[in-house]
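Take a look at the structure set out below.
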Amino acid sequence: MWLIAFAIMLCSQTIHAQTLLQQALGIEEMFRLADENSVSIQSYRTGQQAADEALKAAKAQRLPDISTSLSVSYLGDGRLWDRDFSNATNIPMPHYGNNFALEAQQVIYAGGAINSGIAIAKLEQQIAQLDWHKKRQEIRFLLTGYYLNLYKLNNQEQVIKKNLELTEQVIRNMEAREREGTVLKNDITRYELQRETLKLQLAQVQDAGKIMNHQLVTTLHLPEGTRIVPDTTLLNQHISVLTENDWQQMAKQNNASLQLAALTAQIGEQKVKLECSERLPKIALVAAEHLDGPITIEVPVLDNNFNYWYVGIGIKYNISSLFKNNKKLKQARLNARRNQEEHMLAMEQTENAVQAGYVNFLTSFTDLQTQEKSVELADENYTVTANRYQNDLALLTDMLDASNMKLTADLGLVNARINLIYNYYKMKYLTHTL
């Protein structure tokens, strides 16, 4: 007896644990969890931080360059010869030398290279932000697809269970009529076959639901074994019916792919300026402080420390850039033109995607209305056929056809409702307003 009690206690604890792992989850809550837990989104957030530091590094190029050096050395004695290397003479030298230098340089003009570098870094910072936004939209749309599929599978499970109960009831009624001698055993067998088919469909739907649930749990990094329960009010949410022009305007303003293409085109223009700066002189303020010893430019060598300093303006011009930089400049200009063309292509692709999505969105409304009417007709047909069959006015095949028609209509309505919501969220994804 104690073994039975122990087993019952373990079973109750297991059921309780499974209940605790169930998590009701709405779409907005799912998005929040994705922002917090998605590794992919986190990696792009790190990319944003790296771009912020790159901008700081580019701006730091405006600061002066300051360097210092200190060395201590051992000097050997020198040798002195005539011009024909005769009459060698040993020159005693101080053996310990020291050198100290402090140098500073402030760029005044670099041909626009520094400004172009900062402009490119700012654009790349914006690109990193848009990359994060784009990946965030992609993850949200992916999760929305998982979520709606799970919702669809759960609804399909309920529809199949309802039809399975209806089939069981019909079988019970037929068994009662068989005992009265008004129904053949073969008629019951055919309905039992339909029942087994429904059980198989139910098992397939439940297995598909487990797979979809696991994908959601993995992406959101929820505890293993969590069973997600979709929001039951999802089908009742308000869906904004905007015009195609409204959606197109939203896409132009918010679509990250379009903005990325535009920023890439701007970067191409800045790189052209950067290459042009190679042909211009570089001007800088320079200053230095030196302390050297001993003084080896004198013979005999002076065992003293020599301090000197200077300030001035330095000009540097790379003459070879006039004939070596042509190819790079031409390449930069071609890349800039290609970026502009890719921007135009992105605009075309986005416009086509929004137009196609909008047509499908409108079609889903028509599909829903059609499926609602189909369910109404299928229910009416099933009721009439069931009454006629009970009164021996319809064949068993008519009853089976009515049952299959009702199941098909019920499943079609579930799919139509989910597809409407899916197409709505797809429009929000295409405009990157998820």
Side-chain angles (χ1 to χ4, degrees), residues 25-28 30-31 34 130 133-159 205 208-209 211-212 215-216 219 230-261 342-378 407-434:
L25 192 66
I27 285 187
E28 294 301 324
M30 179 180 66
F31 289 163
L130 288 172
H133 178 62
K134 182 180 178 182
K135 175 55 66 174
R136 186 166 172 253
Q137 292 292 309
E138 290 174 354
I139 293 294
R140 286 187 169 194
F141 186 60
L142 175 68
L143 289 171
T144 299
Y146 288 162
Y147 186 88
L148 293 178
N149 277 335
L150 180 61
Y151 194 95
K152 181 189 295 185
L153 290 168
N154 287 349
N155 283 349
Q156 288 179 355
E157 180 181 347
Q158 297 303 318
V159 169
V205 167
I211 294 173
M212 200 58 59
Q215 291 176 336
L216 267 175
T219 306
D231 183 9
T232 56
T233 63
L234 177 65
L235 298 180
N236 299 324
Q237 74 169 14
H238 175 70
I239 295 180
S240 302
V241 184
L242 304 175
T243 65
E244 180 183 347
N245 184 61
D246 291 333
W247 288 110
Q248 293 287 1
Q249 291 300 321
M250 289 172 64
K252 290 178 181 179
Q253 295 172 4
N254 301 297
N255 187 277
S257 298
L258 281 181
Q259 296 175 14
L260 283 169
E342 290 179 349
H343 181 217
M344 295 176 62
L345 178 61
M347 292 177 65
E348 292 179 5
Q349 291 175 339
T350 301
E351 193 274 338
N352 289 334
V354 171
Q355 189 273 339
Y358 185 72
V359 171
N360 292 331
F361 183 43
L362 294 182
T363 302
S364 61
F365 281 99
T366 305
D367 183 33
L368 178 59
Q369 294 173 357
T370 302
Q371 293 300 330
E372 288 175 343
K373 186 64 177 179
S374 296
V375 168
E376 180 183 344
L377 295 174
L407 176 61
T408 301
D410 289 341
L411 292 176
L413 180 58
V414 170
N415 293 339
R417 287 173 175 169
I418 299 299
N419 287 338
L420 174 61
I421 296 175
Y422 174 80
N423 281 302
Y424 171 66
Y425 276 99
K426 185 175 182 180
M427 291 302 299
K428 297 188 72 174
Y429 167 68
L430 292 173
T431 56
H432 284 181
T433 54
L434 265 178

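Everything numeric in this text was worked out from a predicted model, so none of it was measured. Position 1 is the first residue of the sequence; numbering continues from there.
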Open item on the list: Below 30° counts as parallel, above 60° as perpendicular, anything between as tilted: where do the rings of Phe141 and Tyr429 land?
Closed with: parallel
TODO: State whether the side chain of Thr431 and the backbone N or O of Lys428 hold a donor-acceptor pair below 3.5 Å, judged by distance alone.
DONE: yes
Task: Point-to-point distance, once rounded to the nearest 0.5 Å, from CD of Gln215 to CG of Leu143 - done: 10.5 Å
- [ ] Kindly say whether Val205 contributes a backbone atom to a donor-acceptor pair with the side chain of Glu157 at under 3.5 angstrom?
- [x] no
Open item on the list: Can you tell me how far apart CG (Asn423) and CD1 (Ile239) are? Round to the nearest 0.5 Å.
Closed with: 9.5 Å
Open item on the list: When you compare the side chain of Glu138 with that of Lys135, does any pair of heavy atoms fall below 4.5 Å?
Closed with: yes
Task: Stepwise side-chain contact (heavy atoms from CB on, under 4.5 Å) test for Asn245 and Gln249 - done: CA-CA 6 Å; Asn245 184 61; Gln249 291 300 321; 4.0 Å; yes
Task: Minimal non-hydrogen separation, Lys152 against Val414, with atom names - done: O-CG1, 4.0 Å
Task: Pairs involving residues 241-254, ordered by first then second residue, that meet salt bridge (Lys or Arg N to Asp or Glu O under 4.0 Å) (sequence neighbours left out) - done: none
- [ ] Identify the two heavy atoms, one from Asn254 and one from His133, that lie closest to each other, and give their separation to 0.1 Å.
- [x] O-NE2, 4.1 Å
Task: Test item: Leu150 and Leu216 side chains (from C-beta on) under 4.5 Å apart, heavy atoms - done: yes
Open item on the list: To the closest 0.5 Å, what do you measure between CG (Asn149) and CG (Leu153)?
Closed with: 6.0 Å
TODO: Quick one: closest heavy-atom pair of Gln259 and Leu130, and the distance?
DONE: OE1-CD2, 2.9 Å
TODO: Please round to the nearest 0.5 Å and tell me the distance separating atom CD of Glu372 and atom CZ of Arg417.
DONE: 6.0 Å
Task: Side chains of Gln158 and Asn154 in contact at under 4.5 Å (non-hydrogen atoms) - done: no
Task: Min side-chain heavy-atom separation Asn255-Met250 under 4.5 Å - done: no
Open item on the list: Within the 4.5 Å heavy-atom criterion, are Ile421 and Tyr425 side-chain neighbours or not?
Closed with: yes
Open item on the list: Could you report the tightest heavy-atom contact between Asn415 and Gln156, atom names first, then the distance?
Closed with: OD1-NE2, 2.9 Å
Task: Nearest heavy atoms of Leu430 and Ala251, plus distance in Å - done: O-CB, 4.4 Å
Open item on the list: In the structure I gave you, are the side-chain heavy atoms of His432 and Ser257 within less than 4.5 Å of one another anywhere?
Closed with: yes
Task: Intermediate values then yes/no, side-chain contact (heavy atoms from CB on, under 4.5 Å), Tyr146 and Leu142 - done: CA-CA 6 Å; Tyr146 288 162; Leu142 175 68; 3.6 Å; yes
- [ ] Determine whether the aromatic ring centres of Phe31 and Tyr147 lie less than 6.0 Å apart.
- [x] no
Task: Distance, nearest 0.5 Å, that separates CG of Asp410 from OG of Ser374 - done: 10.5 Å
Task: Side-chain donor/acceptor of Tyr424 to backbone N/O of Asn419, under 3.5 Å - done: no
- [ ] Give a yes or no on whether the backbone of Glu351 and the side-chain of Gln248 come within a donor-acceptor separation of less than 3.5 Å.
- [x] yes
Task: Nearest heavy atoms of Ala409 and Val375, plus distance in Å - done: O-CG2, 3.2 Å
Task: CG-NZ distance between Leu434 and Lys426, expressed to the nearest 0.5 angstrom - done: 12.5 Å
Open item on the list: With a 4.5 Å cut-off on side-chain heavy atoms, are Asp367 and Leu420 touching?
Closed with: no
Open item on the list: Do Ile27 and Asp231 make a side-chain contact, defined as non-hydrogen atoms from C-beta onward lying under 4.5 Å apart?
Closed with: no
